[in-house]
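Some notes on the structure that comes next.
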Amino acid sequence: MPIMNPNKPNNQFSGVPGKKKQKKGLEQRNSNINVEHSQGPLNSGPKDFQQLLQNKPNAKQESVQKQTKPKEAKQHQTQKKNQLEEQNDLPQTSQSKPNTKQQTAQKQNKPKEANQKQNKKGNKFAEIKSTQKQSGGSIGKNLSTMPQSSPTQGNQQIEQQIRMFKSQLLIPKRRNPQTGGSMGRVTEIEVNHLPLNLDKLFNKTVYHIDVQFEPAHPKTLFRIALEEFNNKHYPKIHFAFDGSRNMYTTKEIKGRTDLITVLNDENKGAAEFTIITSVVNIIPMNKIQEYLKSGSSNNPPGEAFQALDIILKNRPFSLRFSNIGRTFFPLSHSTPVDLGEGLELWNGFFQSPVMGWKPYLNIDVVHKGFPKHQPLISYITNDLRCDPKTEMDSQNINTLLNYVKGLKVEFMVPMQPNTKRLHKVVGIFDSASKFTFNMKDPVKGNQMVNVVQYFKIVRNYIIKYPNLPCLHVGNVNKKTAIPIELCTLQMGQIRLKKLTDTQIGIMIKNTARPPTERRQAIANSLRDIKYSQDPVLKEFGVDIKEQFVSVPARVLDQPSLAYAHNTEIKPKAGIWKVDKFSKPVHIKNWVVLNLDYQINIISIRNFEKMLITTGKDLNVTINSMNPVINCFLPRNFNLDEFKATIESIFTKLKACNTEIIFVVIPEIQTGVYGIIKQKSELEVGVLTQCIKSNTISNMNIPTYSNLLLKINSKLNGTNHTLSNKSSPPCMVGAIIFGADVTHPTLEQTSTPSVAAVAASHDISGIQYNMEWRLQAPRVEIIQDLENIIHLQLIKFKDKTKTVPKKIFYFRDGVSESQFLQLLEYELIAIRRACLRLHIKYKPPVTFLVVQKRHHTRMFPKFTHDMDGNFGNVISGTVVDTQITHPTELDFYLCSHSSIQGTSRPTKYHRIWDENYLTEDQLEQLTFYLCFMFARCTRAIAYPAPTYYAHLAAFRARAYLENKTINLNRLDDEQSKNKLNHLFTVNTPMFFV
């Protein structure tokens with residue numbers, strides 16, 4: 001029986017409209033605008049599967065669910081009933097073979113080719129490649145591309161179902177385009193979205209001009225050169241330029257070629273560019289107007305969106321602000337905060353057009369660490385704390401190299417302004433007294449001199465610090481060395497390296513502002529930008545109203561939580577006090593492994609006493625600990641010896657049936673945590689709880705309570721649940737997934753991405769397990785999702801003795817531009833995993849994308865909507881109209897109570913829904929899941945399954961510490977880092 005299209009309940013299917021091919025140079029920019037908005041077959045035969053499907057939920061819950069069904073869902077009741085009856089009368093079918101390896105056909109850094117493949121005749125959806133390998137083994141030797149369009153080698157019945165399913169992949173529309181949900185207390189708030197009046201722009205045609213520069217460097221001079229070129233060839237024509245090669249005008253122009261000369265401030269010389277312009281596209285801007293009326297994330301007007309984005313960026317571009325993507329940093333009006341280690345704090349702003357029910361400009365404050373504009377000798381003395389008169393050791397030289405490599409330095413010999421130059425640092429040479437080279441002398445001929453001698457002879461300058469290293473600048477193949485004492489870092493340079501923990505702490509301390517202060521900072525940025533004075537915006541017909549928009553909002557009711565003996569607790573503003581655990585554990589056999597010589601037996605005995613006492617308050621029975629094991633780590637320990645020692649200790653403790661090992665870790669040693677988790681969870685299979693030595697020395701009652709929250713969950717206990725009256729009826733019979741992919745930093749060139757999926761395996765949606773996979777760097781689509789889902793469906797069946805009646809899938813960290821890929825690959829993978837259990841098993845799926853990386857902020861207008869000392873919006877504040885997608889269902893939900901700064905709501909976008917949930921049902925489900933996180937007694941910022949997936953991905957990162965990963969053999973690397981099977985079966989929530 002075909003699955004109904006969520007967009008078309010009357011079962012009339014429609015394919016996805018074909019996409020227009022992109023013009024060259026546009027493919028990567030089409031998403032620049034924020035558009036609001038196993039191990040083989042199951043062993044049980046068909047008869048057994050029938051019995052699983054016939055298991056019915058609690059009669060009381062079923063009754064409540066029927067009473068609360070939305071009107072639209074009732075229209076589908078008959079069809080669903082027929083479908084269920086069909087599932088309960090399952091014919092004999094052969095079990096499908098596993099589809100383990102989802103190879104990808106196009107590298108993500110080649111969007112043009114990917115788009116061309118997606119836009120082939122007939123708009124066929126790519127099918128996921130299948131292999132016969134088991135999920136625990138090969139992941140694929142090369143996972144840097146998207147799954148190819150080729151039939152699987154599995155069951156042909158499955159392939160027929162998948163082909164039919166693919167023809168229906170459309171993001172569903174909002175049921176009522178003019179209203180949102182109704183649940184909760186109605187109020188009104190302000191958001192940092194400025195109304196955009198584009199009425200004049202909609203009546204214009206914009207010309208996209210491709211601009212070629214020869215040579216292609218330096219790009220910093222492109223704007224200046226193009227201004228000279230346009231003044232000469234296109235006078236009185238205003239243009240918007242992205243700083244690279246895309247220019248937009250409202251008037252048709254003819255292509256020109258000319259040689260332009262401009263001054264290069266870097267070397268005080270002339271820079272020549274041959275500039276070639278040509279019209280490559282004509283863009284009717286009313287495409288945006290059409291999108292606001294009936295547009296879809298499946299096929300946004302990318303070219304028009306890109307043009308609008310660059311038009312709006314023109315003002316900050318013209319003011320020469322330092323720029324990264326959509327963030328701009330003007331020169332500071334005051335002395336920047338010192339972040340330490342050579343960086344200082346710059347304040348800037350973010351801007352992006354947002355297509356809500358009307359057009360808006362989202363503007364927010366941003367902060368970033370910039371290299372300090374200072375002489376490098378100051379960095380060496382103040383930050384590295386080195387004596388410039390002596391030679392630097394290798395550690396400080398490496399630190400200096402990592403800091404300065406890739407940056408530009410201003411070089412000048414004192415009192416000799418004609419020597420002033422700007423150089424890019426490519427490396428470090430030996431000290432000025434040791435680095436030698438051949439110098440041509442008209443009298444003495446070629447002679448070998450060092451840098452000290454050269455500057456004395458040629459520049460009549462005596463180097464003060466001859467023992468400091470020289471900088472290698474310019475062409476990496478040429479040995480151009482300059483003394484470091486004559487170099488000053490250029491101001492306003494972008495540095496993409498990750499901040500240290502200390503720098504992050506200083507930044508948070510200085511930037512975590514309450515809503516009133518953040519609002520004022522945004523207002524200050526608007527005064528700096530002065531949009532109203534930009535002639536380009538006027539030329540294109542763009543009018544920005546520089547005030548925050550007021551939008552309708554609602555405050556959802558807090559759920560009631562159940563503890564021991566069904567004791568109900570009602571959180572207040574997302575916070576509650578812990579009570580006796582609903583299902584406590586009894587810890588009989590445990591031990592402390594102390595790795596820090598500074599932690600004595602008195603501290604550990606006190607830890608034991610307080611843990612037992614706090615456990616009694618929470619209903620957890622804890623026996624006295626076994627004798628403490630001391631294994632003190634020296635400052636410079638041998639990695640291999642430590643691994644062998646830890647493995648030996650863990651093996652012996654496992655043989656004694658130790659339930660949990662508390663490991664006290666020194667603060668200073670790095671890599672220890674990774675070794676502990678690798679040995680305990682991958683190899684030996686024993687449960688550990690790591691505690692930093694500083695923590696164990698300063699623990700208080702709340703810390704012990706929080707520790708027991710984790711321990712009880714790890715040992716299969718349950719801390720709390722939703723009370724019966726607060727449990728959403730739609731959760732009955734559901735399995736809940738959270739999925740996330742973490743990527744390496746730009747500096748980690750040999751590190752893979754890690755995909756992790758957490759899934760519930762109990763009827764209450766409280767307990768979770770996890771699966772993780774390695775995949776190629778920066779690949780976002782989860783490659784082995786089919787096998788992951790298949791395994792987790794089996795785990796659910798094994799634990800509950802039934803199969804899920806429905807699936808809720810929360811996917812974290814994906815942008816709007818990848819929504820269609822999620823449907824084509826991840827939704828299809830979920831469907832395949834279900835069909836592998838049985839050809840008739842097609843539970844309805846609700847697919848929700850969770851987005852945290854956005855710049856929408858909420859500002860309460862009324863005092864009764866303010867939470868705590870900071871005046872943030874209250875936990876449960878939801879906005880699902882006005883600033884959301886014009887035709888699709890998405891919403892902003894602030895589920896947590898902010899500890900500091902301004903709360904950031906989480907954005908949710910529904911991209912598939914066969915459960916036909918209303919706005920109220922979806923918002924309540926999402927909100928209540930934020931109260932189900934086992935590790936704390938606060939509502940978290942996004943649903944617990946998503947947070948568990950996040951924890952699982954970072955736990956997998958620990959498995960890779962101190963290891964070299966072969967990116968060309970990720971299948972082998974995955975096999976070498978498999979979790980201990982029995983360990984994950986016995987303690988599935990080990991990762992929380």
Side-chain angles (χ1 to χ4, degrees), residues 338-344 369-414 419 421-439 448-459 461-491 493 495-503 506 634-637 667-671 745 747-749:
D338 191 349
L339 295 176
E341 302 177 50
L343 296 186
E344 60 188 15
F370 277 70
K372 290 177 69 174
H373 177 56
Q374 65 175 349
L376 280 175
I377 200 73
S378 298
Y379 170 75
I380 291 170
T381 56
N382 299 332
D383 294 292
L384 297 182
R385 301 185 183 278
C386 294
D387 182 356
K389 295 181 181 179
T390 61
E391 288 191 358
M392 298 171 63
D393 59 32
S394 58
Q395 182 177 349
N396 281 316
I397 287 178
N398 285 332
T399 303
L400 173 64
L401 176 61
N402 289 332
Y403 173 69
V404 78
K405 187 175 181 180
L407 298 179
K408 291 182 178 180
V409 293
E410 298 167 352
F411 167 85
M412 191 181 78
V413 178
T419 62
R421 297 289 187 274
L422 194 66
H423 297 287
K424 183 177 181 179
V425 181
V426 295
I428 285 181
F429 284 137
D430 212 336
S431 66
S433 61
K434 292 182 179 179
F435 184 82
T436 59
F437 57 94
N438 279 319
M439 184 183 75
M448 188 68 68
V449 297
N450 60 28
V451 175
V452 174
Q453 293 167 332
Y454 173 84
F455 274 82
K456 173 63 177 173
I457 296 169
V458 177
R459 296 297 181 188
Y461 174 76
I462 299 175
I463 292 179
K464 298 176 183 178
Y465 305 110
N467 293 318
L468 292 181
C470 294
L471 296 181
H472 181 190
V473 299
N475 191 325
V476 69
N477 297 317
K478 294 182 179 180
K479 294 185 177 182
T480 305
I482 56 176
I484 203 166
E485 65 187 66
L486 301 180
C487 297
T488 299
L489 284 176
Q490 187 187 37
M491 182 180 290
Q493 296 188 77
R495 183 178 183 267
L496 298 178
K497 294 182 180 180
K498 188 178 178 181
L499 298 181
T500 65
D501 290 343
T502 302
Q503 290 170 333
I506 297 172
R635 184 175 293 270
N636 297 311
F637 64 94
E667 292 287 333
I668 54 175
Q669 273 96 346
T670 57
T745 64
E747 305 157 52
Q748 297 172 318
T749 55

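Values reported hereafter were calculated over all heavy atoms of this structure, with side chains retained and with hydrogens, waters and symmetry mates removed. None of the values given here were measured: they were computed from a predicted structure.
Listed by first and then second residue, the side chain to side chain donor-acceptor pair (under 3.5 Å) pairs that reach into residues 396-413 are Glu266-Lys408, Asp393-Asn396, sequence neighbours excluded. Residue pairs meeting the side chain to side chain donor-acceptor pair (under 3.5 Å) criterion with at least one member in residues 370-383, sequence neighbours excluded: Asp338-Lys372. For residues 473-489, the pairs satisfying side chain to side chain donor-acceptor pair (under 3.5 Å) are Tyr461-Glu485, with sequence neighbours left out.
Looking at every heavy atom in both residues, Met392 comes nearest to Pro469 through SD-CD, 3.7 Å. Here the closest non-hydrogen pair linking Ile482 and Cys487 is CD1-SG, 3.5 Å. The two residues Pro466 and Val452 have their closest heavy-atom pair at CB-CG2, 3.8 Å. Here the closest heavy-atom approach between residue Ser433 and residue Asn450 is recorded as O-ND2, 3.1 Å. For Gly474 against Val426, the heavy-atom pair with the smallest separation is O-CG1, 3.3 Å.
Looking at Asn467 and Lys389, their side chains never come closer than 4.5 Å, going by heavy atoms from C-beta outward. In this structure, Lys456 and Ile462 have side chains that are in contact, with non-hydrogen atoms separated by less than 4.5 Å. Between Thr436 and Val449, every side-chain heavy-atom pair lies at or beyond the 4.5 Å cut-off. Leu468 places a side-chain heavy atom less than 4.5 Å from the side chain of Ile377. No side-chain heavy atom of Leu422 sits less than 4.5 Å from a side-chain heavy atom of Phe411. Here the side chains of Cys470 and Ile428 are not in contact, with every heavy-atom distance at 4.5 Å or above.
For Thr745, the side chain to side chain contact (heavy atoms under 4.5 Å, CB included) criterion is met by Lys498, Glu747, Gln748, not counting sequence neighbours. In this structure Lys434 satisfies the side chain to side chain donor-acceptor pair (under 3.5 Å) test together with Glu391, sequence neighbours excluded. Not counting sequence neighbours, Tyr465 has no partner by the side chain to side chain donor-acceptor pair (under 3.5 Å) test. Looking at residues two or more places apart in sequence or on another chain, you find a side chain to side chain contact (heavy atoms under 4.5 Å, CB included) between Gln503 and Leu339, Glu341, Leu343, Leu499, Thr500.
Atom CD1 in Ile397 sits 9.0 Å away from atom SG in Cys386 (nearest 0.5 Å). Of the inter-residue distances, the one linking Tyr454 atom OH with Arg459 atom CZ reads 6.0 Å to the nearest 0.5 angstrom. Taking CG from Leu471 and CD1 from Ile484, the interatomic distance works out to 4.5 Å, rounded to the nearest 0.5 Å.
Within a 6.0 Å radius of NZ in Lys424, other residues, nucleotides and ligands contribute 12 heavy atoms or fewer. Within a 6.0 Å radius of CD in Gln395, no more than 12 heavy atoms belonging to other residues, nucleotides or ligands are found.
The aromatic rings of Phe435 and Phe429 lie parallel to each other, their planes meeting at an angle below 30°, with 60° marking the opposite boundary.
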